[in-house]
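Residue numbering restarts at 1 for every chain, and letters A, B, ... go by the order of the sequence lines.
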Amino acid sequence: MPSYNHLEIEPKWQGRWDETGAGKTTGKSSDGKDPLYLLTMFPYPSGSGLHVGHVESYTAMDIVARKKRMEGHDVLFPIGFDAFGLPAENYAIKTGVHPAETTDKAIGNFRRQMKSLGLSFDWSRELSTADPAYYKWTQWMFLLFYKNDLAYRAKAPVNWCDGCVTVLANEQVIDGKCDRCSTVVVQKDLEQWFFRITKYADRLLAGIETVDWPERIKTMQKNWIGRSEGVEVEFRGLKGEMIGEPGAERVHEAEFSIPVFTTRIDTLFGVSYIVLAPEHPLVDALTTVENCEAVVAYRDQARKKSELERTQLEKDKAGVFTGTYAKHPLTGEEVPIWISDYVLVNYGTGAVMGVPAHDDRDYLFASKYSLPVHQVIAPPAGMPEHDFASAAYGDAGILVNSSTFDGLTSAEGKNMIATAVESAGKGKRVTNYHLRDWLVSRQRYWGAPIPMAWCETCGVQPVEPSALPVLLPRDVDFKPTGKSPLVDSVTFHDVVCPKCSGPARRESDTMDTFVDSSWYYLRYVDSTNAEVFAEPEALKQWCPVDLYVGGAEHAVMHLLYSRFFAYALHDLGYLDFEEPFLKLRNQGLILGPDGEKMSKSRGNVVNPDEVVEQYGADALRLYEMFMGPLEDAKPWDTSGIVGVRRFLDKVWMMRERVEGAEGRRFEGADRIVHKTIKKVSEDIDAMKFNTAISAMMICANALQTAETIPRGAYESFVKLLATFAPHLGEEIWHDLGNASSVFDEAWPTFDEAMLVDDLVAIAVQVNGKLRGTIQMDPSSNEKDVQDRAMATENVAKFLEGTEIVKVIYVPGRLINIVVK
RNA sequence: GGGCGAGUGGCGGAAUGGUAUACGCGCGGGACUCAAAAUCCCGUGUCCGCAAGGGCAUGAGGGUUCGAGUCCCUCCUCGCCCACCA
């Protein structure tokens, strides 16, 4: 069988590369070549091993890394493990096996699998976020943030997952469910640790425009930050007696003010009521005796609903009247104050003005409770009248029934009414964000402990940096109880106060694992440093990351948090850049052969180990790159591997027909190879690996027809292929008599002159329809081409009895004769 | 409801406004073989035709252009993201 033995050559070269440290940074670049930092998102070391999706992004970046090294760049291409996280802890709960053990084992397996793929990572920089030498710096950053008012503790309504028995960040709630276990998330009022990411909302928004990222991801981040400009306008005053629940402070007449946030201040004259979120702090004070029972009942019921239930009952706008009225800020008209859970307590001011005529939700609410609908916006001239009997009119238009503002456009009205409100001292222009501060504490074990202590006399105190790391104790009971398992570890728990040396207890929550991964790329540049998280010179040399590849599922979590870290560390003087990842590309999902997402339960998971065993790592790599564009979702097709393996065998067999250095030249071979060098070089830079492979296949098919292949042409071809199929490339390279590694060779260059063919096929069209092709010297002028074209039999047939109107000639490609 | 993508052979897919279907898979035929596998060669959008050649075809319909898969408009379908954000 004319085939190379991948089981033999692949381990052989992997061993050799390991010995020579083939992926290590060299510390030097060729003249004029910048050092490059190429990064793939580090994996969570799951027990089920490497996914073929990992293989795709790692291979893609490995190809780029190898090519860039051959071009003379010093390349940093590191790998590590995002090792903290729930799966290992949940496994421990079930089996009693310690997460550290599970994780170590999984990392070992990942490392083995990665090496079996011939990936040229710089293994000397490998890191694990669960390593105390790493999380010491995660804790250090927490303290840094704490001291600079970027980390704080606060009581707030937070997302709680009963499945994971911990709080979650907003970003980890997907469709009202836990991102990890899909349990419906409930709201709880808890005191937790937060990072002040909202402080950076505007800069994170502006910075996103400066990076080369997929438009889709940029949009998602912009939407998530969700900046909206509007007016916070106050509704004051009251009528009637007010009471609160027992113990609530009594509020006297005219003493309260309800600020509401609106982006449609132009509809201010259409307000017919105010709605507070059930959790709004003024609810107690504003509720009258006769409405008390209903309000309390409604609020209790709303509290029990999950976010999911609230949003799924979208159409049902229910609420309760508090019994109290507020005065319209400009007209003084009295409007009733309601509560309803369609208003969210944690957006804007937790209160809205109800304008049923011009807002769908308000319209539904007003319809249900027969509240008045005041039209204040008319459709612009030329647009049909709006029928308010069935729906709200939500678009911009012309102001009506709005006192002196009548006749203005919505845009003008917004501006002038905002000014009027401001000068009346009844409100101000504000900017609101959807982005919330990042909740980073977790009531779980397998994460970096938050380095704080609770002292009976001094309150909460940061651990001294010199005392870091705060180690995770091993002797804990993993059963989740809603408190961190660390609470029960006496050795961990009892400490002395860093300030007064009195008795204190250690903070028992751990950090969200997204904290670990928000700065890992900084550690790679100096991964063994015990004094600082990384030396400034090393950071300066490599950062920011030039190219980052990973899945799109991290669009608003990891990527937003990492950006926040970079901005914060920049402001605190540790980094000289703000944006951490200059260029980002997503790899698409690799689906199962059935076109569905791979999952154990579906039984459609492809195990890379088996493919490597059967077809070889090179074939696997090549196939994954050949499947289609990197960013597309693509179904796996095992028979497709057969095709790329055939191609590799073909190239392997060709080496037997390479002529000696003195042999006769075969012009055609050189020409096709030069074209291939150009195409493959451009395609790798554009990350169009599928078409690069296609070009190499075309080249191999052409070379195959030659009885002997010029050595130089073949060697150049092997250098190209080696980036995709490193083992085979190296094997052939040595088989040709070369002693050093093919990856020490310079990337092949092409000669422009070699790209020009003696003859080119020119399409001949008559009225845009193809009627023939002619072979011409590429330097032929238009007249020659036209003469030849018109002399062609089939073309002449279509020209017969017609008059030529004009002729369009695209040099070297096409001639179109337009006739009538 | 809002936003962003994408619809091309039997399948994965290719195509700076310029010969649509490259490359690969699959399929059909042939060579080699006692035979098979492997390998190699030829063919392979669809309809008409012995052929030469022609008609039609990139989700549907319109438009711009000498020329449209590509640009513009309307619509359909699918995917992803966000979503009671006031």
Side-chain angles (χ1 to χ4, degrees), chain A residues 1-3 174-176 214-220 222-224 226-228 230 260-264 267 275 307 310-317 340-344 346-355 358-362 364-365 394 432-435 552-553 555-556 588-589 595 622-623 626-629 631-644 646-647 649-650 653 688 690-698 700-701 704-705 761-773 793-794 797 805-819:
Chain A
M1 183 170 153
S3 178
I174 311 294
D175 282 339
E215 219 40 57
R216 213 163 58 85
I217 305 289
K218 288 191 187 182
T219 307
M220 278 191 228
K222 282 187 255 183
N223 289 344
W224 189 260
R227 180 190 162 103
S228 66
V260 306
F261 175 72
T262 180
T263 55
R264 290 298 304 274
T267 65
V275 199
E307 192 80 2
R310 284 199 187 183
T311 52
Q312 277 184 346
L313 299 168
E314 211 171 296
K315 294 280 174 275
D316 183 37
K317 298 275 178 288
S340 172
D341 65 4
Y342 86 83
V343 177
L344 307 174
N346 53 7
Y347 184 77
T349 61
V352 305
M353 58 185 210
V355 185
H358 303 290
D359 181 277
D360 291 337
R361 298 153 301 187
D362 296 344
L364 289 171
F365 191 79
N432 257 319
Y433 298 91
H434 168 246
L435 184 70
E553 68 274 16
V556 287
L589 276 185
L622 205 66
Y623 171 63
F626 188 56
M627 290 172 85
E631 63 276 14
D632 287 9
K634 314 158 275 265
W636 183 270
D637 174 16
T638 299
S639 66
I641 295 195
V642 175
V644 295
R646 270 181 208 151
F647 161 68
D649 282 329
K650 193 183 285 183
M653 293 312 291
K688 290 163 69 175
N690 53 332
T691 49
I693 293 167
S694 157
M696 288 190 284
M697 286 173 165
I698 292 169
N701 289 343
Q704 180 154 274
T705 60
I762 292 175
V764 181
Q765 295 182 340
V766 178
N767 284 348
K769 282 200 184 287
L770 182 70
R771 297 304 178 192
T773 56
E793 192 185 342
N794 196 51
K797 198 168 83 188
V805 180
K806 66 170 154 178
V807 175
I808 284 130
Y809 178 54
V810 183
R813 295 197 63 91
L814 165 146
I815 186 163
N816 186 12
I817 301 167
V818 185
V819 299

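- Nucleic acid contact for A:Val818: sugar-phosphate only, since backbone atoms but no base atoms lie under 4.0 Å from a heavy atom of the residue.
- Ranked by how close their nearest RNA chain B nucleotide is to the 5' end, A:Glu215 and A:Tyr623 are led by A:Glu215.
- Using a distance-only test at 3.5 Å, with no hydrogens or angles considered, no donor-acceptor pair links the side chain of A:Asp359 to the main chain of A:Gly354.
- The heavy-atom pair separating A:Leu770 from A:Ala763 by the smallest distance is CD1-CB, 3.7 Å.
- Put simply, CD1 on A:Ile217 is 13 Å from P on B:G5, counting in whole angstrom units.
- Taking atom NZ on A:Lys634 and atom P on B:G13, their separation rounds to 8 Å, with Å as the unit.
- Straight-line distance from the CG atom of A:Leu622 to the P atom of B:G13: 17 Å, rounded to whole Å.
- As rounded to the nearest Å, B:G43 and B:A36 have P atoms that lie 24 Å from one another.
- In terms of position on RNA chain B, the residue among A:Met220 and A:Gly350 whose nearest nucleotide sits closer to the 5' end is A:Met220.
- Remark: A:Ala555 pairs with A:Ile217, A:Met220 by the side-chain contact (heavy atoms from CB on, under 4.5 Å) rule, at least two apart or across chains.
- When the C1' atom of B:A86 is taken as reference, atom OH of A:Tyr433 falls 17 Å away, rounded to whole Å.
- OP1 or OP2 of B:C56 sits under 4.0 Å from a side-chain N or O of A:Lys769.
- Rounded to an integer number of Å, the gap from A:Lys218 NZ to B:C80 C1' is 19 Å.
- For the P atoms, the distance from B:A57 to B:U70 is 13 Å, rounded to whole Å.
- The distance from the CG atom of A:Leu622 to the CD1 atom of A:Ile693 is 4.0 Å, given to the nearest 0.5 Å.
- For B:A86, the OP1/OP2 oxygens have no side-chain nitrogen or oxygen of A:Tyr342 closer than 4.0 Å.
- Distance A:Met627 CE to B:G13 C1': 11 Å, rounded to the nearest Å.
- When side chains are defined from C-beta on, A:Thr267 counts as touching A:Met353, because their heavy atoms get closer than 4.5 Å.
- Remark: the separation of the C1' atoms in B:C23 and B:U8 is 15 Å, to the nearest Å.
- A:Asp637 meets the side-chain contact (heavy atoms from CB on, under 4.5 Å) test with A:Tyr623, A:Ser639; sequence neighbours excluded.
- Between the side chain of A:Asp649 and the backbone N or O of A:Ser3 there is no donor-acceptor pair closer than 3.5 Å.
- Here NZ of A:Lys634 is found 8.0 Å from CG of A:Asn690. Values are rounded to the nearest 0.5 Å.
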- How does each nucleotide of nucleotides 43-53 of chain B score, in 5' to 3' order, for protein heavy atoms under 4.0 Å: base (B), sugar-phosphate only (S), or none (-)? ----------S
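- When the C1' atom is used for both B:G12 and B:G26, the distance is 11 Å, rounded to whole Å.
- Taking the syn range as angles within 90° of 0, the glycosidic angle of B:G9 is syn.
- Residues A:Ser228 and A:Asn432 have side chains that never bring a donor and an acceptor to within less than 3.5 angstrom of each other.
- Taking atom CZ on A:Arg264 and atom P on B:C84, their separation rounds to 19 Å, with Å as the unit.
- Taking the C1' atoms as reference points, B:G13 lies 31 Å from B:A31, given to the whole Å.
- Classified by interplanar angle (parallel below 30°, tilted 30° to 60°, perpendicular above 60°), the ring pair A:Phe261/A:Tyr347 is perpendicular.
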- Contact pattern, 5' to 3', of nucleotides 14-26 of chain B - B, S or - by protein heavy atom under 4.0 Å: SS--BB--BBSSS
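- The separation of B:C25 from B:C34, taken at their P atoms, amounts to 28 Å, rounded to a whole angstrom.
- Looking only at side-chain heavy atoms (C-beta outward), A:Asp632 and A:Met627 stay at 4.5 Å or farther from each other.
- For RNA chain B, each stem of at least three Watson-Crick or G-U pairs (distances under 3.5 Å) is given as range with range: B:1-7 with B:76-82, B:10-12 with B:23-25, B:26-31 with B:39-44, B:45-48 with B:53-56, B:59-63 with B:71-75.
- Separating the P atom of B:U21 from that of B:G2 is a span of 40 Å, rounded to the nearest Å.
- Taking the side-chain hydrogen bond (donor to acceptor under 3.5 Å, both in side chains) definition, one finds that A:Asn223 meets it with nothing, sequence neighbours left out.
- Judged by the 6.0 Å distance and 45° axis criteria, A:Lys317 is positioned over the aromatic ring of A:Tyr342.
- As rounded to whole Å, 5 Å separates atom P of B:C66 from atom NZ of A:Lys806.
- Annotation: B:A60 and B:G10 have their C1' atoms spaced 23 Å apart (nearest Å).
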